[in-house]
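None of the values given here were measured: they were computed from a predicted structure.
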Amino acid sequence: FDPDGTFFKDRTEIANNNLTDSNNIFALTRVAGGDDSYTKFLYHLDNAVTDSSGGRHTLTNSNVTFSTTYKKFGTHGAVFNGTTAYLYVADHADADLSGGTWTIDAWVYVSSLAAVNPIYYQNTTNDNDSFKVYIDTDGSVKILVKASSSPVVEIYSPASVIQKGKWQHVECGESGNTWYIFVDGVL
């Protein structure tokens, strides 16, 4: 995926020769079965809350609507009203991020930065132990991990990386003890 046409790389050494044509142009092929075994949740939110991963985790929709106006792909996009709209999936071992290797990504369209815009929240009933990825009011993307009500990890991007009225790709992840936040492919 290359939204701006800016990710140029010579893939000659990466591509197996049987994946190039007579002009040595790299050809992508789809592997049977779709997503790899590491994909645990995959929601396109194209007028439905269906999990497209192999896990088949059912989402419960609470006040999220779908719009043909605010969409990045497909025919519809999910619209969260900023107060009472959220999607919920029951607790499952697939949501355990304690192994140190995970990625969460989403396309987001923010119409206001007057309040926090959640991307992913995972917490106990009383919020003492939680994991949150969100867009803060200063336009930064933040990761906050709390244990027994105290912050254990606080990672954040620079302010103003998220802009109102624009589709942007947010990706957060951890590899070992190194945490990452990318916005539109920029670390």
- request: Under the ring pair (Phe, Tyr, Trp, His ring centres under 6.0 Å) rule, collect the residues that match up with Y156, sequence neighbours excluded.
  value: none
- prompt: Hey, is the main chain of Q163 close enough, under 3.5 Å, to the side chain of Q168 for a donor-acceptor pair?
  reply: yes
- prompt: So, T39 side chain and S53 main chain: donor-acceptor pair closer than 3.5 Å or not?
  reply: no
Could you work out, with side chain to side chain donor-acceptor pair (under 3.5 Å) as the rule, every residue matching [X], not counting sequence neighbours?
| X | value |
| --- | --- |
| T75 | D46 |
| T178 | none |
| N61 | none |
| N81 | T83, T84 |

Could you work out, with side-chain contact (heavy atoms from CB on, under 4.5 Å) as the rule, every residue matching [X], not counting sequence neighbours?
| X | answer |
| --- | --- |
| W179 | W102, F131, I143, V145, V153, I155, E174 |
| H92 | H57, D94 |
| D105 | H169, E171 |
| F80 | V64, A78, A85, L87 |

Write down the atom of [X], the atom of [Y], and the distance for their closest heavy-atom approach.
| X | Y | value |
| --- | --- | --- |
| S67 | V79 | CB-CG2, 3.6 Å |
| D129 | A147 | OD1-CA, 3.2 Å |
| A159 | S140 | CA-CB, 4.0 Å |

field: Heavy-atom side-chain contact between L113 and I135 under 4.5 Å
entry: yes
- prompt: With side chains defined as the heavy atoms from C-beta onward, is the minimum distance between I162 and V170 less than 4.5 Å?
  reply: yes
Once you round to the nearest 0.5 Å, how far does [atom1] of [X] lie from [atom2] of [Y]?
| X | Y | atom1 | atom2 | value |
| --- | --- | --- | --- | --- |
| Y43 | D51 | OH | CG | 4.0 Å |
| E154 | K146 | CD | NZ | 10.0 Å |
| W107 | K72 | CH2 | NZ | 4.0 Å |

Is [Y] reachable from [X] through a run of I, L, V, M, F, W or Y residues, each pair having side-chain heavy atoms under 4.5 Å apart?
| X | Y | value |
| --- | --- | --- |
| V161 | I104 | yes |
| V49 | Y86 | no |
| V133 | L97 | yes |

- prompt: Linking Ile, Leu, Val, Met, Phe, Trp and Tyr by side-chain heavy atoms under 4.5 Å, what else ends up with L187?
  reply: Y180, F182
message: Can you pull out every salt bridge (charged side-chain N to carboxylate O under 4.0 Å, His left out) where at least one residue sits in residues 131-142? Sequence neighbours excluded, please.
response: D127-K132, D136-K142
Kindly list each side-chain donor-acceptor pair under 3.5 angstrom involving residues 115-123, sequence neighbours excluded, with atom names and distances?
from : atom 1 : to   : atom 2 : distance (Å)
N117 : ND2    : S112 : O      : 3.2
N117 : ND2    : A115 : O      : 3.2
Y120 : OH     : Q122 : OE1    : 3.2
Q122 : NE2    : A95  : O      : 2.9

